[in-house]
Colleague: 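Take this structure first; my questions come after.
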Amino acid sequence: MNKIQEKTSSMIHIGSSFLNSAKEFIDLWHSIQTLIQRYKLRGVPYGGNHDKIMEVYQSLGIKFDFLIGAFNSSQILFFASCKQLGTYNVCVALPRSHPLAKKKKLSITDLYNEKLLCVSSGDCLNIDDFRKNMQMFYPQIILEDVGYFYDLDTFNRCEEEGCLLLTLDAWDLIHPSLITLPVDWSYQMPYGLLCQKIPQNKLRNA
């Protein structure tokens, strides 16, 4: 039976980067014994440079079978499908030397007169809603665009400029000089598995 299993098993390649780690999927994977028996899983690292990030998503079905992470971008979902697994909480990252870093949780008023680096409008519905609400009800918060996709330079900029960064709780260990704090709001970002619009048979069967 083991020899038959070896011959019939398929290899599934999952992409992993510092922003989109495969860790949460690995925990889910090991809880489903039927998948472990039928398929083998291989992690494939990829870079997170925002200038080349679309090339990564275009590699779905070629270099990767799927990726895992927060993929609520209109550009990405135009040519890929996402199966939601859960949600991340939207938080704020800031340098450990910042006066607000000593707090356990931030209120919206804590953000008044602070520069908050944020995903640019026009690509992510969740962030667009967030930006509209901030601009309408909390104009004291200074929003500054950083483009549609984050990379390590985005987090470096937050630390170097001593400002705030809109982030996710899943990214709390990205930068050693930053601390990620929850905020007194209910904004969340869906995350899940991203694959080709028409996935290969082994992924449809899984």
Colleague: If I compare all heavy atoms of L166 with all of Y150, which pair ends up nearest, and what's the gap?
Modeller: O-OH, 2.7 Å
Colleague: At what distance, to the nearest 0.5 angstrom, does OG of S21 lie from CG of L173?
Modeller: 10.5 Å
Colleague: List the atom pairs, with distances to 0.1 Å, where a side-chain N or O of residues 178-190 and a protein N or O form a donor-acceptor pair under 3.5 Å, not counting sequence neighbours.
Modeller:
| unit_1 | atom_1 | unit_2 | atom_2 | d |
| --- | --- | --- | --- | --- |
| W185 | NE1 | V90 | O | 2.9 |
| Y187 | OH | N133 | ND2 | 3.0 |
| Q188 | NE2 | N89 | OD1 | 3.1 |

Colleague: Looking at every non-hydrogen atom in both residues, tell me the closest pair between G122 and D128 and how far apart they are.
Modeller: N-OD1, 2.9 Å
Colleague: Could you tell me which residues satisfy side chain to side chain donor-acceptor pair (under 3.5 Å) with Y191, sequence neighbours excluded, listed by chain and number?
Modeller: E24
Colleague: What residue pairs, at least two apart or across chains, pass side chain to side chain donor-acceptor pair (under 3.5 Å) with a residue in residues 134-143?
Modeller: none
Colleague: For residues C163 and P95, report the shortest heavy-atom separation together with the two atoms involved.
Modeller: O-CD, 3.2 Å
Colleague: Checking M134 against L116 for the side-chain contact (heavy atoms from CB on, under 4.5 Å) test, could you report, in this order, the C-alpha distance in whole Å, the side-chain angles of both residues, the deciding distance, and whether it holds?
Modeller: CA-CA 11 Å; M134 293 299 106; L116 178 63; 5.8 Å; no
Colleague: Could you go step by step and tell me if V92 and L100 meet the side-chain contact (heavy atoms from CB on, under 4.5 Å) rule?
Modeller: CA-CA 11 Å; V92 165; L100 293 175; over 6 Å; no
Colleague: Side chains of F71 and L193, heavy atoms from C-beta outward: is any pair under 4.5 Å?
Modeller: no
Colleague: How about L19 and F149: do any of their side-chain heavy atoms sit closer than 4.5 Å?
Modeller: no
Colleague: Is there side-chain contact between L67 and I14, with heavy atoms separated by less than 4.5 Å?
Modeller: no
Colleague: Starting at NZ of K115, measure out to SG of C158 and round the result to the nearest 0.5 Å.
Modeller: 9.5 Å
Colleague: Should R42 and K40 count as side-chain neighbours, where that means a heavy-atom distance under 4.5 Å?
Modeller: no
Colleague: List the steps and the verdict of side-chain contact (heavy atoms from CB on, under 4.5 Å) for R96 and H98.
Modeller: CA-CA 6 Å; R96 293 182 181 274; H98 195 284; over 6 Å; no
Colleague: Determine whether I141 and I108 make a side-chain contact, defined as any pair of heavy atoms from C-beta on separated by less than 4.5 Å.
Modeller: yes
Colleague: What distance do H175 atom NE2 and F18 atom CZ have between them, rounded to the nearest 0.5 Å?
Modeller: 10.0 Å
Colleague: Would you please name every residue forming a salt bridge (Lys or Arg N to Asp or Glu O under 4.0 Å) with R157, sequence neighbours left out?
Modeller: E144, E161
Colleague: With S73, which residues qualify under side chain to side chain donor-acceptor pair (under 3.5 Å), at least two apart?
Modeller: D123
Colleague: Test of understanding: with side chain to side chain contact (heavy atoms under 4.5 Å, CB included), list the residues that count as partners of K63, not counting sequence neighbours.
Modeller: V44, S59
Colleague: With distance as the sole test, does T154 use its side chain to make a donor-acceptor pair with the main-chain N or O of D151 at under 3.5 Å?
Modeller: yes
Colleague: Calculate, to the nearest 0.5 Å, the distance between atoms CG and CG belonging to N20 and L194 respectively.
Modeller: 9.0 Å
Colleague: Partners of T109 by side chain to side chain donor-acceptor pair (under 3.5 Å), sequence neighbours excluded?
Modeller: S107
Colleague: Provide the closest heavy-atom pair for C82 versus L77 in the form atom of the first, atom of the second, distance.
Modeller: CB-CD2, 3.9 Å
Colleague: Check salt bridge (Lys or Arg N to Asp or Glu O under 4.0 Å) between D110 and all other residues, then give those that pass, not counting sequence neighbours.
Modeller: K103
Colleague: What pairs with N126 under side chain to side chain donor-acceptor pair (under 3.5 Å), at least two apart in sequence or on another chain?
Modeller: N72
Colleague: Between Y46 and G15, what is the shortest heavy-atom contact and its length?
Modeller: CE2-C, 3.6 Å
Colleague: State which residues pass salt bridge (Lys or Arg N to Asp or Glu O under 4.0 Å) with D145; sequence neighbours excluded, sorted by chain then number.
Modeller: R131
Colleague: If you group Ile, Leu, Val, Met, Phe, Trp and Tyr by side-chain heavy-atom gaps below 4.5 Å, do V146 and I142 land in one group?
Modeller: no
Colleague: Grab the two heavy atoms, one from L60 and one from F66, that are nearest each other, plus how far apart they are.
Modeller: CD2-CA, 3.7 Å
Colleague: I need the L125 CG to S74 OG distance, nearest 0.5 Å.
Modeller: 7.5 Å
Colleague: Between CG of L164 and SG of C91, what distance do you get to the nearest 0.5 Å?
Modeller: 12.5 Å
Colleague: Taking E159's backbone N and O only, do any of them form a donor-acceptor pair with N156's side chain (distance below 3.5 Å, no angle check)?
Modeller: no
Colleague: W171 and F155: side-chain contact (heavy atoms from CB on, under 4.5 Å), yes or no, with the steps?
Modeller: CA-CA 10 Å; W171 296 342; F155 292 84; 3.9 Å; yes
